[in-house]
Amino acid sequence: MAERDRKQTRRVPVMLPFPFPGPFDYRVPADLDPAPGDVVVVPLNGREQVGVVWDAPVDRGVPDAKLKPLAAILDTPPLPEVSRRFVDWVAAYTLAPPGEVMAMALRLVPGQAHAPLSGWLPSGAEPERLTDARRRVLGVLADGRPRATPALAREAGVGAGVVRGMAEAGLLSPVPLPVAPPFAIPDPAHPRAPLSAEQATAAEALEQAVGDRAFSVTLLDGVTGSGKTEVYLEAIAECLRLGRQALVLLPEIALSSQWLARFERRFGVQPAIWHSELTSRTRRITWRAVADGVAPVVVGARSALFLPFPDLGLVVVDEEHETAFKQEDGVVYHARDLAVVRARLSAAPAILVSATPSLETVANVEAGRYRRLTLTARHGGAVLPTVAAIDLRESPPERGRFLSPPLIAAVRETLGRGEQAMLFLNRRGYAPLTLCRHCGHRMQCPNCTAWLVEHRIRRQLQCHHCGHAVPIPPECPACGAAASLTPVGPGVERITEEATAEFPEARRLVMASDTMPGPHAAAEAARAIEAREVDLIIGTQIVAKGWHFPHLTLVGVVDADLGLAGGDLRAAERTVQLLHQVAGRAGRAEAPGRVLLQTFSPEHPVMQALVEGDLAAFMAREAAQRRPGHWPPFGRLAAVIVSADTAEQADALARDLGRAAPHGEGFTVLGPAPAPLALLRGRHRRRLLLKTRRDIAVQPILRDWLARVPVPRGGRVDVDVDPVSFL
Ligand code: ADP
Ligand code: ZN
């Protein structure tokens, strides 16, 4: 037998960014020496693909002769071990294919083949003859500093083709561009305002947790305006002093201009920022800086969890109760929960921050798994706003209007004192429903189980689920009656119209995601409010987010009952959180704040909790309701969502799943049932729900169950572990 036949072929598993069940093996050519984490190029179905060398056991099932060779190892920092373990963990927990999870980390990788972070230097080859253009290029490079093609062409005043031609002629050699530290280093010793005694105690405890270099979870719970941010910035300062990296997750990074300003006030510079709308260049630079450890603090959206921190020393989740942390598309995960997992993998503390913590987190505190630090007083002697309900049955608005006389009077009074007021309604557009006065026809989305929402400014009816939009028709599409279509109910546009009529002198600002797209609009809005260029703010849930507006003293909630409809498990909890957060925008400085809730049921426990300001009692009541039935957080849920092109297909697949549903001690399957959004983007949807006791993991049950049901062409089964939305 020949020598080389006896020698085993070296092979490595490579995770590819596709929904395969695991990594594939590749043969390692003699000139390459890959290690786990290396970003590599491999052939796949006749194409080159970028993947990551994984540490999974090598699959000897595929004979050597069938293995394709590794093509190249890319010159980028490897995906650290901790990131690979995180990917494995997320895949196992969410049941997402590991390659798809890895793709979230890899999408971020700089220098994928066509976008190299490399530049040119003279190769030293002696040209026979030089054109002027080529001479200028060499002249620019004479200082020994490599430049990328566009910069080099610009400085030399030549076209990029000249540079490429010189490279092809062997006159230039590619060299990796040194990555200068792109982020200034935050200075923990930067002078800061002193903390109150209560704040200092909490800050010390958090600094201690960071200094322990061990996994722990702390809930930082404090009334709105108590300075929670100032306190956890001290934990970040400690992390910086230790030379480790810190990650801060914010629910909506686009609305975080005030947060960034505060960070800069505390540390003298801005942190690195991470979200999906960064340019690809900034993304590459940031990824690289994180991997190289030269970005000490990253503030970002949930996807920042997948950045390759080599030495993460702290993870903070601000506004931890926010449902925006749940990613609903693609890999379905909850960033708050994954933040805790990520911290554990790095033996680092996690800090969950909220004035209205989720019942999940509160239950973890009560079970002794998390610690709790509480700030009881607003900073600087500001007092919490008073909250009162306006009973709409007793004080109804005028016909066709939505602001009740007491609310109008309160706004007028506030504006009269030169203070700012806010009207809150969590609904975009002009009206949530358009109806024919003649035949009763309701304008519905053809692709979704949803009404079309009127957007009067844009003269459109729009579906908020699929984006379908049509011009407002002049006549009813069902009966043909002219001018018979009538808006039913209010959205912020309609409230703005009413406020304009009611308070014509007030300078108004509408804050909704469609009127303020992007971070610049939000930052400008915040600036205008702080500068008192605005008297009356009218907004959707955007206005509830952590803003600090010192001159805002009145918050009016137009429809406090809005979130309570529907059978959602967390409807009451979420309504309390949202309304308490909106209320928390009022009276954050010297002048006391006032909150008015328009409601048809002032006796509802949600309204009572808000009026009395007793969230703890409310949460205890919620817990008492959920505990006996093993509802989360006292049990586990996983949703199985069936979708198909036709209703029949969806029903058949849902029925098959229902028939194959597992039975056992401590768990049940509910459904199948039509999803509340039974039609979404043209797909027919059905839902099943696996419910287990807390001590039973849903994943093995799900895996076994789903493996037994074949999914026909056109059908699809999605899994949502720990669902937040039940649509
Ligand atoms: P929370 O996050 O608890 O709602 P913030 O951290 O936003 O509260 O604090 C409210 C306001 O009070 C912010 O403008 C903040 O800068 C200010 N503040 C809080 N604590 C201090 C402090 N110790 N010194 C100076 N300003 C503070
Ligand atoms: Zn639609």
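Hydrogens, waters and symmetry mates play no part in the numbers below; they use all other heavy atoms, side chains included. Just so you know, residue 1 is the first one in the sequence shown, and it goes up from there. Remember, it's a predicted structure, so these values are computed and weren't measured experimentally. Numbering of ligands and ligand atoms starts at 1, following listing order.
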Contacting atoms of ligand 1, where contact means under 4.0 angstrom from a heavy atom of [X]:
| X | result |
| --- | --- |
| Val223 | 3 (O) |
| Leu195 | 23 (N) |
| Pro194 | 22 (C), 23 (N), 24 (N) |
| Ala193 | 24 (N), 25 (C) |
| Thr224 | 4 (O) |
| Thr229 | 2 (O), 6 (O) |
| Ser226 | 1 (P), 3 (O), 8 (O) |

Is a donor from one side chain sitting under 3.5 angstrom from an acceptor on the other, for [X] and [Y]?
| X | Y | result |
| --- | --- | --- |
| Glu419 | Thr553 | yes |
| Ser358 | Glu320 | yes |
| Glu454 | Gln462 | no |
| Arg437 | Thr486 | yes |
| Gln460 | Arg456 | no |
| Thr229 | Trp259 | no |

Worksheet item: What protein heavy atom is closest to atom 8 (O) of ligand 1, reported as residue, atom name and distance in Å?
Response: Gly227 N, 2.9 Å
Worksheet entry | Closest protein heavy atom to atom 20 (N) of ligand 1, given as residue, atom name and distance to 0.1 Å | Gln199 NE2, 2.9 Å
Discussion item. Can you list everything that forms a salt bridge (Lys or Arg N to Asp or Glu O under 4.0 Å) with Arg507? Sequence neighbours excluded, please.
Written reply: Asp535
Fill in: With sequence neighbours excluded, residues passing salt bridge (Lys or Arg N to Asp or Glu O under 4.0 Å) with Arg683
Asp645
Discussion item. Check for me whether the distance between the ring centres of His379 and His548 falls short of 6.0 Å.
Written reply: no
Worksheet item: Who pairs with Phe325 by ring-ring contact (aromatic ring centres under 6.0 Å, His included), at least two apart in sequence or on another chain?
Response: none
Worksheet item: Can you check side chain to side chain contact (heavy atoms under 4.5 Å, CB included) on Leu260 and Ile273, steps first, answer last?
Response: CA-CA 9 Å; Leu260 292 171; Ile273 299 173; 3.8 Å; yes
Discussion item. Any heavy atom of Val353 closer to ligand 1 than 4.0 angstrom?
Written reply: no
Discussion item. Within the structure, is a non-hydrogen atom of Gly222 found at a distance of less than 4.0 Å from ligand 1?
Written reply: no
[atom]: which of [options] has the nearest heavy atom?
| atom | options | value |
| --- | --- | --- |
| atom 26 (N) of ligand 1 | His379, Glu198, Glu319 | His379 |
| atom 3 (O) of ligand 1 | Lys228, Gln581, Glu230 | Lys228 |
| atom 5 (P) of ligand 1 | Arg262, His548, Arg266, Arg378 | Arg262 |

Practice prompt. May I ask you to list the protein N, O or S atoms found at less than 2.8 Å from the Zn ion (ligand 2)?
Written response: Cys445 SG, Cys448 SG, Cys463 SG, Cys466 SG
Worksheet item: If you measure from each non-hydrogen atom of Leu375 to ligand 1, which part falls under 4.0 Å: side chain, backbone, both or neither?
Response: neither
Practice prompt. For ligand 1, find out whether one of its N or O atoms is nearer than 3.5 Å to an N or O atom of Gly225.
Written response: yes
Worksheet item: Taking atom CZ of Arg458 and atom CG of Leu461, what is their separation to the nearest 0.5 Å?
Response: 11.0 Å
Worksheet entry | Non-hydrogen atoms of Arg685 and Leu677 that approach each other most closely | NH1-O, 2.8 Å
Worksheet item: Does a sphere of radius 6.0 Å around NE2 in His520 hold more than 12 heavy atoms from other residues, nucleotides or ligands, not counting ones at 6.0 Å or beyond?
Response: no
